[in-house]
Amino acid sequence: MAIVNEKLSIGIEEEYLLVDAETRELAARPPKEFMEKCKKLVGERAMHEFLQCQVEIGTNVCPTIHEAREELVNLRGNIGETAKEFGMRLVAASTHPWAHWATQEPVDMDRYRILGAEHQTLARRMAICGMHVHAGIENKNLRIELMNQMTYVMPHLLAISTSSPFWEGSNTGLKAFRPIIINDLPRSGFPEVFENWNDWLEMLDDLETCGMVNDPSKIWWDIRPSGKHPTLEIRVCDVCTWLEDSLTIAALYQSILAYFCHLRSRNEQRRFYRRILLAENKWRAMRYGVEAELGDFGKRQKLPLVELIDELVEIVSPFADERNCLAEVQHARKIVRRGSSADFQLKIYNDAKSRGVDEHDAKVAVVDWLIEQTADLEGGKVANGAGGD
């Protein structure tokens with residue numbers, strides 16, 4: 001196995017919902033002292049998001065998944081305990097079971113005022129949370145090559161992260177509704193295929209010269225080069241309720257990139273496929289989550305996600321082992337058999353309804369479960385299977 005020269009360091013960003021400890025409603029107006037206390041504890045690693053009911057965390061640059069684990073445990077723990085001090089609870093899920101975006105208040109910051117003015121209702125609807133993973137890649141042209149190739153596995157990573165089956169009180173029938181909201185934004189979805197770094201810069205220059213987009217961070221693709229750091233950032237995933245699942249996605253990302261770098265050292269690369277094929281896989285990941293059947297376009301077959309993940313884990317395991325994240329990568333096999341957060345949320349909701357619990361209280365039971373599992377910093381390791389939806 002060829003040595004991969006790129007370090008492929010990892011940085012993880014997670015967005016959480018804040019809920020009222022009594023009502024389980026979204027906390028539309030948290031006290032300003034909450035964020036002040038968070039920043040006192042963890043510094044700039046705690047950040048505002050567009051809505052006041054959200055809080056975002058970001059790890060430092062982590063050379064290994066082990067260090068990323070320590071950072072996430074620290075951040076989730078500190079932010080969660082601080083939320084409790086102010087009569088709130090932390091929820092790691094991409095949507096709330098019944099909250100309506102129209103009742104939520106934006107954060108009063110220039111950045112968000114501009115975003116709201118430009119995108120109007122599309123911005124106000126962002127009562128959703130995601131997980132972003134940055135991988136450090138110093139070589140700019142390599143960053144573009146890897147983006148082109150990583151696009152293929154974006155649906156696979158989305159499927160195992162799904163945590164947004166509800167929207168505004170409705171069981172949507174999807175395991176991930178969050179991408180529906182994100183995809184309404186301009187410059188969202190799958191990226192274009194670029195020849196090299198200069199090709200990317202030329203596109204940015206065209207947008208800026210025409211007076212359309214002057215900030216690369218306003219390109220909300222599922223995967224993109226960062227405008228601020230020498231990283232390639234995946235943005236397709238729902239935020240994972242279990243910390244262990246978050247680390248698995250980060251470890252998979254790092255290991256897949258290492259595998260692609262290995263292919264490059266042998267003058268090989270994965271074949272590119274039409275966007276409509278990739279979009280079909282993404283739709284199936286959104287709709288069915290871990291129960292999805294996705295297209296294996298090389299084999300020209302539709303296969304269960306469990307088979308595709310097993311194959312992916314087998315392929316990248318040598319590279320995961322090299323980076324001491326083999327256990328986290330292998331946990332992906334458990335996720336596809338156990339179920340994602342979305343599967344558990346739906347099971348809790350449906351079980352409550354079958355016992356005669358009314359609609360609202362069934363959804364309160366979902367929030368209760370999300371609070372408990374978000375606070376369990378060993379979460380996901382011992383959870384039992386959820387079954388169907």
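Bear in mind the structure is a predicted one, so any value in this text is a computation, not a measurement.
A 6.0 Å sphere centred on NZ of K39 holds more than 12 heavy atoms belonging to other residues, nucleotides or ligands. By the 6.0 Å contact criterion, CD on E268 is enclosed, its count of non-hydrogen atoms from other residues, nucleotides or ligands being greater than 12. Heavy atoms of other residues, nucleotides or ligands lying less than 6.0 angstrom from OH of Y288 number 12 at most. Heavy atoms of other residues, nucleotides or ligands lying less than 6.0 angstrom from CD of E195 number 12 at most. Heavy-atom neighbours of E36 CD from other residues, nucleotides or ligands within 6.0 Å: above the threshold of 12.
One distance of note links CD1 of I335 with OG1 of T162; it measures 9.5 Å at 0.5 Å rounding. Annotation: the span from T95 atom OG1 to F166 atom CZ amounts to 8.0 Å, rounded to 0.5 Å. Rounded to the nearest 0.5 angstrom, S226 OG and I137 CD1 are separated by 11.0 Å. One distance of note links CD1 of I182 with CD1 of I128; it measures 3.5 Å at 0.5 Å rounding.
Between E244 and K334 there is no salt bridge, since no side-chain nitrogen of the basic residue lies less than 4.0 Å from a carboxylate oxygen of the acidic one. Ion pairing between a basic and an acidic side chain is recognised when a charged N comes within 4.0 Å of a carboxylate O; R76 and E71 show no such pairing. Using a 4.0 Å cut-off between charged side-chain N and carboxylate O, D361 and K353 make no salt bridge. We find that R338 and D343 are not joined by a salt bridge, their nearest charged nitrogen and carboxylate oxygen being 4.0 Å or further apart. We find that K175 and E291 are joined by a salt bridge, their nearest charged nitrogen and carboxylate oxygen being less than 4.0 Å apart. In summary, E293 and R284 do not engage in a salt bridge, as defined by a charged side-chain N under 4.0 Å from a carboxylate O.
Partners of W200 according to the side-chain hydrogen bond (donor to acceptor under 3.5 Å, both in side chains) rule, which considers only residues two or more places apart in sequence or in another chain, do not exist here. For R274, there are no salt bridge (charged side-chain N to carboxylate O under 4.0 Å, His left out) partners at least two apart in sequence or on another chain. Checked against ring-ring contact (aromatic ring centres under 6.0 Å, His included), F260 has no partners two or more places apart in sequence or in another chain. Residues passing the side-chain hydrogen bond (donor to acceptor under 3.5 Å, both in side chains) test with D199: none are found, sequence neighbours excluded. By the ring-ring contact (aromatic ring centres under 6.0 Å, His included) test, Y253 pairs with no residue at all, sequence neighbours left out. Residues forming a side-chain hydrogen bond (donor to acceptor under 3.5 Å, both in side chains) with S217 (at least two apart in sequence, or on another chain): D215. Taking W283 as the reference, nothing meets the ring-ring contact (aromatic ring centres under 6.0 Å, His included) condition, with sequence neighbours excluded. Annotation: side-chain hydrogen bond (donor to acceptor under 3.5 Å, both in side chains) contacts of W369 (sequence neighbours excluded): none. W98 is linked by a ring-ring contact (aromatic ring centres under 6.0 Å, His included) to H96, H360, counting only residues two or more places apart in sequence or in another chain.
Judged purely by atom type and a 3.5 angstrom limit, N183 uses its side chain to pair as donor or acceptor with the backbone of P179. Without hydrogens or angle criteria, R45 side chain to V42 main chain gives a donor-acceptor distance under 3.5 Å. Proximity of a side-chain donor or acceptor of S255 to a complementary backbone N or O of V316 within less than 3.5 Å is not detected.
Counting all heavy atoms, side chain and backbone alike, V239 lies closest to S94 at N-OG, 3.0 Å.
Counting side-chain heavy-atom gaps under 4.5 Å among Ile, Leu, Val, Met, Phe, Trp and Tyr, the cluster of V193 also holds F272. Residue M47 shares its hydrophobic cluster (ILVMFWY side chains chained together at separations under 4.5 Å) with no other residue.
When each of R89, K363, R24 is tested with D368 by the rule salt bridge (charged side-chain N to carboxylate O under 4.0 Å, His left out), just one qualifies, namely R24. Here the rule is side chain to side chain contact (heavy atoms under 4.5 Å, CB included) with Q254, and of E328, R323, K7 only R323 fits it.
For residues 136-156, the pairs satisfying side-chain hydrogen bond (donor to acceptor under 3.5 Å, both in side chains) are E145-R264, with sequence neighbours left out.
With 3.5 Å as the limit, one finds a donor-acceptor pair spanning the side chains of S246 and E14. There is a side-chain donor-acceptor pair under 3.5 Å between S164 and D238. Side chains of N324 and H66: a donor-acceptor N/O pair is absent below 3.5 angstrom, by distance only. Donor-acceptor pairing under 3.5 Å is recorded for the side chains of T64 and E67.
For the pair K218/E118, a side-chain contact is recorded, criterion being any heavy-atom separation below 4.5 Å from C-beta on. Here the side chains of P225 and W197 are in contact, with some heavy-atom distance below 4.5 Å. In this structure the side chain of T59 reaches within 4.5 angstrom of the side chain of L75, judged on heavy atoms. Proximity of D310 to R337: side-chain heavy atoms (C-beta onward) are separated by under 4.5 Å at one or more points.
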Apply salt bridge (Lys or Arg N to Asp or Glu O under 4.0 Å) to residues K37 and E85 and explain how you reach the verdict.
CA-CA 10 Å; K37 177 70 179 290; E85 292 178 28; 2.8 Å; yes

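Under a hydrophobic-cluster definition in which Ile, Leu, Val, Met, Phe, Trp and Tyr are linked whenever side-chain heavy atoms come within less than 4.5 Å, directly or via other members, L72 and I65 are assigned to the same cluster. Placement of L8 and Y259 within a single hydrophobic cluster is found when ILVMFWY residues are connected by side-chain heavy-atom separations under 4.5 Å, directly or transitively.
Ring-plane geometry between F319 and H262 is classed as tilted, the angle between the planes lying from 30 to 60 degrees on a 0 to 90 degree scale. Relative ring orientation between H229 and H134 is described as perpendicular, the plane-to-plane angle rising above 60° on a 0-90° scale split at 30° and 60°.
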